[in-house]
Amino acid sequence: MTTTIETGTDSAKTYPGRAAVVSWIFFDWAAQPYFTLITTFVFAPYFAGFVASDPASGQALWGFATAAAGLAIALLSPVLGAIADASGRRKPWIAGFGALLVIGASAMWIGKPGNPDVIPALLLAYAIASVGVEFATVFNNAMMPTLVPPDKIGRLSGTGWATGYVGGILSLVLVLGFLAANAETGRTLFGLTPLFGLDPVTHAGDRITGPLTALWFVVFVTPMFLFTPDYPAKRPIRAALGEGLRELRESLASLPKQKSMARFLLANMIYTDGLVSLFAFGGIYAAGTFGWDTIRIGTFGIILAIAGTFGAWLGGKLDDALGPKRVITGSLVILLFAIVVILTVNKDSILFMPVAPPVPDGPLFAGAGERAYIVLGCLIGAAGGPLQAASRTLLIRLAPRDRIAQYFGLFALTGKVTSFIGPLLIGAITAATASQKAGMAVLVVFFVVGLALLARVRA
């Protein structure tokens, strides 16, 4: 089925049917476990706590690897995006970069605990997978303008984020309930023996998240390739190279004349860098601050993902009612508040006031500091989805009607240009001070600057 929208022009714009849209949404479902399992709640904390020599050096190494991947994205994204725009098609790029994700994620199985020899290869696999998933996401996002009318893209964006969060929740439940076990008890969160004979002593349940992420992506991205129509091919790759680079230069040269667009793109680059860094290091920070194991961090991730699901869904509603700029502003204020308070939370103190520490071998999250961290994490999860979803719809309101696809591609690409700065700063400051709090404190600057720039955008 297709939907025809009257546009007020000589011809009506036709959009694909529900199956195409739902299949596109399932890309978020397919890709989200990488961010949930690998970069945030399971593998990254496992690496910092059991593969690296200590949590601080583990956070620093992970930060440097994340920065290297972000730098590669920054250098390659404008060129590849320009070629893809000029050639027309998006799916071949998604398939190619999706293959990098599958290869890199699968290789993370080699990261056995207490073996420093595997660290370089492990970080290389992580960087390759990160480049793959980020570029695949960029080109998948660039398909949005052909799927629904402009006035429905906000809802589509929010639904995509919410669906991704649900996929992240289910993947975490699968890992914690059936695969990853406590090394001391040998039991999973559900009190079961790990499936497939995964050895808790060698943290096989943590390491299996890499191959699981790869398999999950292959299975659930397939409907997008089967049912979602691609942009029509325009010209061969060789011809598209020169044309794409020319159009990219023209777009960049025109930005100084469009002050609100330029400010918004700059604000998006900065606060997105802060948000990505916050998600990337939230689990590592919790592991170092509270000594959480995989089950605790994963349970924390499930709680955050549930908050994020409702946040993204509600954000889509508020986007329609209040406008995307107000949704972005409110989300940034919540994130700024949460990160500032998090920096004052420890095992035995909140806001620098002493509280009862958690009881050894006690129930999950028994300490007041742990519970405070969970509440603040829920605020971050609930604000992160609306921030990213509303940013995409604000771009559409700022862009010229006849060039929405081009500017959407520019937005998606420039959103990755500085993605290496946040992780690099966190890694460098953590390494220099041997303090996880000092490294995380830099994120306050990202949200403050992003909020200040956004205030000067006229929607």
Side-chain angles (χ1 to χ4, degrees), residues 29-53 55 58 61-62 65 101-126 128-130 133 166-220 283-284 286-288 290-305 361 363-365:
W29 177 288
Q32 183 61 36
Y34 180 79
F35 302 104
T36 302
L37 299 178
I38 303 297
T39 68
T40 307
F41 296 115
V42 180
F43 197 90
Y46 158 70
F47 172 84
F50 296 96
V51 181
S53 58
L61 287 171
W62 197 261
L101 164 61
V102 171
I103 293 170
S106 298
M108 291 183 185
W109 172 255
I110 67 173
K112 292 185 178 181
N115 184 7
D117 294 337
V118 305
I119 289 179
L122 192 61
L123 293 177
L124 177 61
Y126 165 63
I128 290 173
S130 296
V133 72
V166 174
I169 292 170
L170 291 182
S171 66
L172 264 178
V173 170
L174 175 61
V175 169
L176 299 180
F178 300 97
L179 302 177
N182 185 292
E184 296 179 358
T185 65
R187 298 290 178 176
T188 69
L189 181 63
F190 295 164
L192 305 175
T193 301
L195 296 179
F196 313 116
L198 295 173
D199 185 9
V201 176
T202 61
H203 291 267
D206 299 319
R207 295 185 287 121
I208 199 66
T209 54
L212 173 63
T213 295
L215 178 62
W216 185 288
F217 180 80
V218 171
V219 170
F220 291 111
I284 295 176
F290 302 106
W292 285 353
D293 57 15
T294 297
I295 290 179
R296 282 177 168 79
I297 294 174
T299 304
F300 172 65
I302 292 174
I303 296 171
L304 261 64
D361 300 324
L364 289 177
F365 314 127

Specify the closest pair of heavy atoms between Phe43 and Arg207, including all atoms of both residues, with the distance to one decimal. CE1-CA, 4.1 Å
Trp29 and Leu170: which non-hydrogen atoms are nearest, and at how many Å? CH2-CD1, 3.3 Å
Heavy-atom count around Phe190 CZ within 6.0 Å, excluding the residue itself: above 12? yes
Derivation and outcome, side-chain hydrogen bond (donor to acceptor under 3.5 Å, both in side chains), residues Tyr126 and Thr39: CA-CA 9 Å; Tyr126 165 63; Thr39 68; 5.9 Å; no
Ignoring hydrogens, what is the shortest heavy-atom contact between Thr209 and Thr213? Give both atom names and the distance. O-OG1, 2.7 Å
What distance separates Leu215 CG from Leu212 CG, expressed to the nearest 0.5 Å? 7.0 Å
Mind checking whether Phe47 and Asp206 have side chains closer than 4.5 Å, heavy atoms only? no
Spacing of Ile303 atom CD1 and Ile169 atom CD1 [to the nearest 0.5 Å]: 10.5 Å
Trp216 and Phe220 aromatic ring geometry - parallel, tilted or perpendicular at 30°/60° bounds: tilted
Considering all heavy atoms of both residues, which atom of Val51 and which atom of Pro113 are nearest to each other, and what is their separation? CG2-CA, 4.5 Å
For residues 104-111, run the donor-acceptor check on the side chains, cut-off 3.5 Å, and write out each pair with its distance to 0.1 Å, sequence neighbours left out.
residue	atom	partner	partner atom	Å
Ser106	OG	Val102	O	2.7

All heavy atoms of Leu176 vs all of Thr188, minimum pair found to be O-CB, 3.3 Å
Let me confirm one number: the CH2-CG distance from Trp62 to Leu122, rounded to the nearest 0.5 Å. 6.5 Å
Which residue, Leu37, Thr36, Ile38, forms the side chain to side chain contact (heavy atoms under 4.5 Å, CB included) with Tyr34? Ile38
Side-chain heavy atoms of Pro116 within contact of Ser53, under 4.5 Å: no
To the nearest 0.5 Å, how far apart are CG in Leu192 and CZ in Arg187? 7.5 Å
Heavy-atom closest contact (Gly205 atom, Val175 atom, distance): O-CG1, 4.1 Å
